[in-house]
Visitor: 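After the structure tokens below, expect a handful of questions from me.
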Amino acid sequence: MFLRAIMLAFILLAALPTAAIADPKTQDIPEEFRGTWGLSLEACRKGEGPELVRIGPRHIFFVDASGYLNLAQLNHISDPPSFHGEFSFAGELEFWRQVIRLDLTDGQLFITHLASREDEPSATPWVKCR
């Protein structure tokens with residue numbers, strides 16, 4: 001009986017279109033948002049401090065908190081694309097969940113901590129550190 005259920009599951013999975021099977025890479029923060037970003041090129045040269053943020057495939061690191069990506073959504077309609085992610089954060093002996101919006105405009109990153117989807121994007125630009 002157990003073997004029959006497993007075989008049926010494999011048959012059903014094989015019958016699904018490939019787009020219906022989740023690709024784990026689509027749940028990552030897109031490559032164009034990843035890297036080390038600074039509030040200025042001077043902050044980039046220092047290499048550490050509160051003026052830097054590091055973004056990886058599933059993490060975002062601020063000087064006082066780090067977040068792990070729980071849920072990702074890429075907005076392909078906006079130009080350039082924006083990214084929304086729900087993160088589990090830990091920092092300074094506290095734990096919380098926060099939605100973060102990442103926008104790229106003219107090579108600058110804008111990070112917005114959202115309380116709701118209607119919040120205005122951040123006006124603070126971050127530059128990519130080389």
Side-chain angles (χ1 to χ4, degrees):
M1 185 70 157
F2 179 71
L3 185 57
R4 182 180 292 171
I6 291 175
M7 289 177 59
L8 181 59
F10 279 118
I11 291 169
L12 289 173
L13 281 175
L16 287 174
T18 55
I21 300 172
D23 178 6
K25 290 194 181 294
T26 62
Q27 297 302 313
D28 289 348
I29 298 170
E31 189 70 38
E32 58 264 34
F33 296 103
R34 297 183 203 168
T36 301
W37 298 81
L39 289 175
S40 67
L41 291 176
E42 180 62 31
C44 289
R45 281 191 278 279
K46 288 181 185 176
E48 60 183 54
E51 300 90 19
L52 292 179
V53 63
R54 289 181 175 81
I55 301 174
R58 301 198 52 84
H59 291 87
I60 187 165
F61 299 98
F62 295 96
V63 71
D64 57 352
S66 61
Y68 181 79
L69 181 64
N70 296 321
L71 183 64
Q73 179 182 358
L74 183 62
N75 182 356
H76 294 285
I77 296 171
S78 64
D79 184 28
S82 66
F83 173 82
H84 289 81
E86 181 196 73
F87 290 83
S88 291
F89 277 96
E92 299 180 357
L93 301 175
E94 293 186 63
F95 301 92
W96 68 97
R97 286 186 176 216
Q98 177 80 53
V99 174
I100 301 288
R101 176 178 169 171
L102 303 175
D103 294 287
L104 281 175
T105 303
D106 298 327
Q108 295 180 318
L109 176 69
F110 295 86
I111 302 171
T112 307
H113 301 262
L114 297 173
S116 73
R117 287 218 181 263
E118 289 76 40
D119 286 353
E120 290 295 316
S122 170
T124 305
W126 295 76
V127 295
K128 185 109 181 207
C129 299
R130 303 280 175 225

Visitor: For residues W37 and C129, determine if any side-chain heavy atom of one lies less than 4.5 Å from a side-chain heavy atom of the other.
Guide: no
Visitor: Sub-3.5 Å donor-acceptor pair from the side chain of K128 to the main-chain atoms of R34, do we have one?
Guide: yes
Visitor: Go through the structure and list residues passing side chain to side chain contact (heavy atoms under 4.5 Å, CB included) with V63, not counting sequence neighbours.
Guide: P50
Visitor: Quick check against the 3.5 Å criterion: does Q98 have a side-chain atom that pairs as donor or acceptor with the backbone of L114?
Guide: yes
Visitor: Find the distance between NE2 (H84) and OG1 (T112) and round it off to the nearest 0.5 Å.
Guide: 8.0 Å
Visitor: Determine whether a donor-acceptor pair (N or O, by modelled atom type, separation under 3.5 Å) exists between the side chain of S40 and the backbone of A43.
Guide: yes
Visitor: Could you tell me whether the side chain of V53 reaches within less than 4.5 Å of the side chain of T36, counting heavy atoms only?
Guide: no
Visitor: Rounded to the nearest 0.5 Å, what separation is found between the CD1 atom of I55 and the CH2 atom of W126?
Guide: 8.5 Å
Visitor: Does E42 CD have over 12 foreign heavy atoms under 6.0 Å away?
Guide: yes
Visitor: Side-chain contact test, heavy atoms from C-beta onward, threshold under 4.5 Å: evaluate it for F87 versus I29 and give yes or no.
Guide: yes
Visitor: Counting C-beta onward and ignoring hydrogens, is there a side-chain heavy-atom pair between I100 and H113 closer than 4.5 Å?
Guide: yes
Visitor: With sequence neighbours excluded, tell me which residues meet side chain to side chain contact (heavy atoms under 4.5 Å, CB included) with A65.
Guide: F89, W96
Visitor: Does R54 use its side chain to pair, donor to acceptor, with the backbone of H59 at less than 3.5 Å?
Guide: no
Visitor: Could you pull out all residues at least two apart from E86 that satisfy salt bridge (charged side-chain N to carboxylate O under 4.0 Å, His left out)?
Guide: R97
